[in-house]
**Q** 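Starting off with a structure, shown below.
Chain identifiers are assigned alphabetically (A, B, ...) following the order of the sequence lines, protein sequences preceding nucleic acid strands; residue numbering begins at 1 within each chain. These numbers come from a predicted model, not from an experiment.
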2 protein chains.
Amino acid sequence: MVMGNRAPNKLEWRINVRNGTSEILQPESGLVHRIWSWLKGLLGEFMLKIWNFLEKARNIAVAEPKKVIHCLKVGVTLTIVSLFYYMRPLYEGVGGNAMWAIMTVVVVFEYTVGATLYKCINRAIGTLLAGSLGVGVHWAASHSGDKLEPIILGISVFLLASAATFSRFIPSVKARFDYGVLIFILTFSLVSVSGYRVDKLIDVARQRLSTVAIGASLCVLICMLFYPIWAGKELHNLIHRNLEKLADALDGCIAEYFTDSSAGDSWKKIGGYKCVLNSKAAEDSMAGFARWEPAHGQFNFRHPWKQYLKVGASLRSCAYCIETLDGCLNSEIKAPELLRRHLSDACITLSSSASFVLKELATTVETMRKSSEIDFSIGEMQFAVLKLENAMKSLPNHLVATPSSTSDGDAKAEPIRKTATPSSVMEILPLATLVSMLKETSARIKEIADEVNELAKLADFKPPSTKKASQSQSSNQVDKPSNNEERTKGLG
Amino acid sequence: MVMGNRAPNKLEWRINVRNGTSEILQPESGLVHRIWSWLKGLLGEFMLKIWNFLEKARNIAVAEPKKVIHCLKVGVTLTIVSLFYYMRPLYEGVGGNAMWAIMTVVVVFEYTVGATLYKCINRAIGTLLAGSLGVGVHWAASHSGDKLEPIILGISVFLLASAATFSRFIPSVKARFDYGVLIFILTFSLVSVSGYRVDKLIDVARQRLSTVAIGASLCVLICMLFYPIWAGKELHNLIHRNLEKLADALDGCIAEYFTDSSAGDSWKKIGGYKCVLNSKAAEDSMAGFARWEPAHGQFNFRHPWKQYLKVGASLRSCAYCIETLDGCLNSEIKAPELLRRHLSDACITLSSSASFVLKELATTVETMRKSSEIDFSIGEMQFAVLKLENAMKSLPNHLVATPSSTSDGDAKAEPIRKTATPSSVMEILPLATLVSMLKETSARIKEIADEVNELAKLADFKPPSTKKASQSQSSNQVDKPSNNEERTKGLG
């Protein structure tokens, strides 16, 4: 401590180098150096984080250019709206209230047209209702004496704010008017309370309303006219992509089990069902916004968006089944090769015909054109279920027959069979599960098909194209299995 | 057409009444009457809707009084903040900027403390960052000539608004700073653009900031001090309630299958797993908000909220399995009574020990106290799996033995067995599925237990209470099954 800072008496570390000389090891030159290197490390880490962040952002931008376009649209709208400040004639028209136009644009401009419209309409309704109510309460309060005025205002704010906040917990209000209620509370409080001090309340309210209206209509125009992103279209795409994902997952799952091909590519395909499992929140919000959208593209104003939710629910129910199937297939001890080979054809036929149904449904939804083949494919799938059941039924005979053929007498065959059966039940177990799960999955796929049919009816999908229809009419039950076999071969 | 309105020649409906007289049936008296009755109908319908709405609101209020308290808190805070207008000394301090305090309260006050803090902190960071950046840009622009000023301002608003909007698409930003970025865009646009017209920009900004700070701190105080609703606590409760729901569902599912009791009450219990299936969105948002909360109750500041999400994910994975199990049990053709009775004990034992594990885990999470019995219960569950497998293995012997005992010779027994086996495989199918699914479910319950153990380690749960521990030490393998049987009997 005493001679801490004196250089000559400092503690030194010497190191003897090979050529006989010795070097003094310099200790890190004190606090400054340490802080410097710490800062350098921190800076490096910070730069790395920034770099990773930018990398991530770039990936998102490349994957979904729509999002970049949305951002540019927001930038352009804000720049246009700020002209109210830069251009003298505009500024003299609205004055400091130009602020409200900017605020409206920032708060109201959303990714999809539906969400923007939802916010605009909610904002308009909320503002108008609360504004007129606020002016009314202000008028009543101002006519009831100086002492009573703040009391009446305070009580009305307390009651209305509490009631409105509570209404946001009611599901039907939350789904459609959540933002509107928020704006209602905001506007009512501002109008009724500030009326206590501001003299020309009506004038202020009128000016403010007009700037809000300008901001909102600018948002709606830019949102709808330049590269509009429709919530309905997004929902539509999500549903048919999910149908395809389920088809791939089912195919991949069964193919992997029977062919032992655990390639990375197939894993990616199988994992697709995991997106389906958690898509409820996205579907709900998109269906909510889609309701506010006008007719666009192939969608009418009263397109049955609710039916998409039902299709989504049946898709998830099927995804649960596939998830369990996948889990069972991976965790169970594999059934012996002989048994697996016996069922493999029937299973692959079923899974490929089931996934064909799913793909057909995906095409139906995607093209919004009824499929001429769907009933036939479903029939084929149900036929494949029966075939699988038969294959399962013939399983024990097959097993029993194998040891019997090697022996001659009945007496000798007996003990083999007796020892064979107990173990074979445990060996059958994974296959029995597989068969049950496949049956359950195809039953749920049937449900999906029902919901999609209902959607086709409600949304008035186009009739099947005549070319395809005539093809399918000419093809008969004898033709079909060969098609099916081709598909099956493609899988193996 | 010609004599349409002339009364004497009008078309009349006469009705002959029993006593010989006839009465003229009066047609509805024209447009006025019809409109009136239409209005009455409309009014009645409207009143009915209002009534239903109020009924729904009342039910929510009774079920969750916390929500009512939240609404009252919002009302009180708004009333307090409006004192800035009513009290002259306060109003003279802040003037028209009192508006910002009201606005802040309306926008920032959320149901849980975590959400309120998230919004307040985000608002503070966003406002400060954007405010200083805006003043900087304004200064730079104002020093570069009258012509260039609006151009520089416009370009900076466009660039920053676009970039900030894009950053909201990046998941890590969205999860933590979504609101902050929104406020950043808002404040930056307002400050930089309005600086073009407003002279004392710094003064305005300072006053506005102080009112925002007053509003925000009032929100935080009232939110945290009076009946606080913690997002962390809600998440904690959600997880242990979900554990209990799964336990009930599993128990109910198996009990219903084996006892044929399809009472309404048991259905309600079984349906509990459906809430678990879709709880991801709620869990994610609550965990996001819980991160912002200070230490409260049993939870430290760095409580491992992320681990709750992992527990939640494993719960959902188990719920998928139970969903499929439930579907399979309901859709399959029931196995014959004989086979079912053979497996019923083993299945009920397994399901009750599995649901006991889940309940034990629920208690562990609820009390935040490690369970002394959990390892033992898991062992018991795995033992029950083995027992079920053995029961399954002994199944065919049992089957084969039954027809054999009635016959004497080998030659006679042979055909019976041959015809019996194929059908019996299809009869075994539902049971085989049940066994596999139960095995898979218990494997997934083991995963839940692992995640809960990890949670107990990370969150430093209390050690098991000594009384319970000593009890469980004294109890041994021989004692336990009797306990278990009691539970099983309770089920039947």
**Q** Which of the residues B:V76, B:L277, B:I155 is involved in the greatest number of heavy-atom pairs with chain A at under 4.5 angstrom?
**A**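 Looking at each option in turn, the highest pair count goes to B:L277.
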
**Q** Got a second to check how far A:I102's CD1 is from B:I185's CD1, nearest 0.5 Å?
**A** 12.5 Å

**Q** Mind checking whether B:K280 and A:K280 have side chains closer than 4.5 Å, heavy atoms only?
**A** no

**Q** Check whether A:A61 gets within reach of chain B through its side chain, its backbone, both or neither, counting any heavy atom under 4.5 Å.
**A**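 Both backbone and side chain.
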
**Q** What part of B:L434 gets closer than 4.5 Å to chain A, counting heavy atoms only: side chain, backbone, both or neither?
**A**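 No part of B:L434 comes within 4.5 Å of chain A.
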
**Q** Chain A heavy atoms under 4.5 Å from B:R444: which part of the residue, side chain, backbone, both or neither?
**A**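 Interface part for B:R444: side chain.
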
**Q** Checking A:K67 against chain B: side chain, backbone, both or neither under 4.5 Å from a heavy atom?
**A**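 For A:K67, backbone and side chain are both near chain B.
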
**Q** Working to the nearest 0.5 angstrom, can you tell me the gap between A:F169 CZ and B:H70 NE2?
**A**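 Going from the CZ atom of A:F169 to the NE2 atom of B:H70 covers 4.5 Å.
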
**Q** Heavy-atom cut-off 4.5 Å, strictly under: side chain, backbone, both or neither for B:S172 against chain A?
**A** side chain

**Q** Please round to the nearest 0.5 Å and tell me the distance separating atom CD1 of B:I60 and atom OG of A:S167.
**A** 10.0 Å

**Q** Using the rule side chain to side chain contact (heavy atoms under 4.5 Å, CB included), only one of A:L78, A:V105, A:V81, A:T79 pairs with B:S189; which is it?
**A** A:L78

**Q** Go through the atoms of B:V74 and report whether side chain, backbone, both or neither lie under 4.5 Å from a heavy atom of chain A.
**A** side chain

**Q** Using a cut-off of under 4.5 Å for heavy-atom pairs, which of B:S317, B:A57, B:A161 has the most such pairs with chain A?
**A** B:A57

**Q** Look at A:M103, A:E64, A:K73, A:K56 and state which one has the largest set of heavy-atom pairs under 4.5 Å with chain B.
**A**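 Of the candidates given, the most pairs with chain B belong to A:M103.
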
**Q** Given a strict heavy-atom distance threshold of 4.5 Å, which part of B:F109 is in contact with chain A: side chain, backbone, both, or neither?
**A** neither

**Q** Tell me, side chain or backbone of B:A319 under 4.5 Å from chain A's heavy atoms, or both, or neither?
**A**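 Contact with chain A: none, neither part.
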
**Q** Quick one: closest heavy-atom pair of B:L72 and A:S162, and the distance?
**A** CA-OG, 4.0 Å

**Q** So do the side chains of A:N278 and B:R316 get within less than 4.5 Å of each other, counting heavy atoms only?
**A** yes

**Q** Look up atom OG1 in A:T324 and atom CE in B:M437, then write down how far apart they are to the nearest 0.5 Å.
**A** 5.0 Å

**Q** If every non-hydrogen atom of B:G75 is compared with every non-hydrogen atom of A:F158, which pair is closest and at what distance?
**A** C-CD1, 3.3 Å

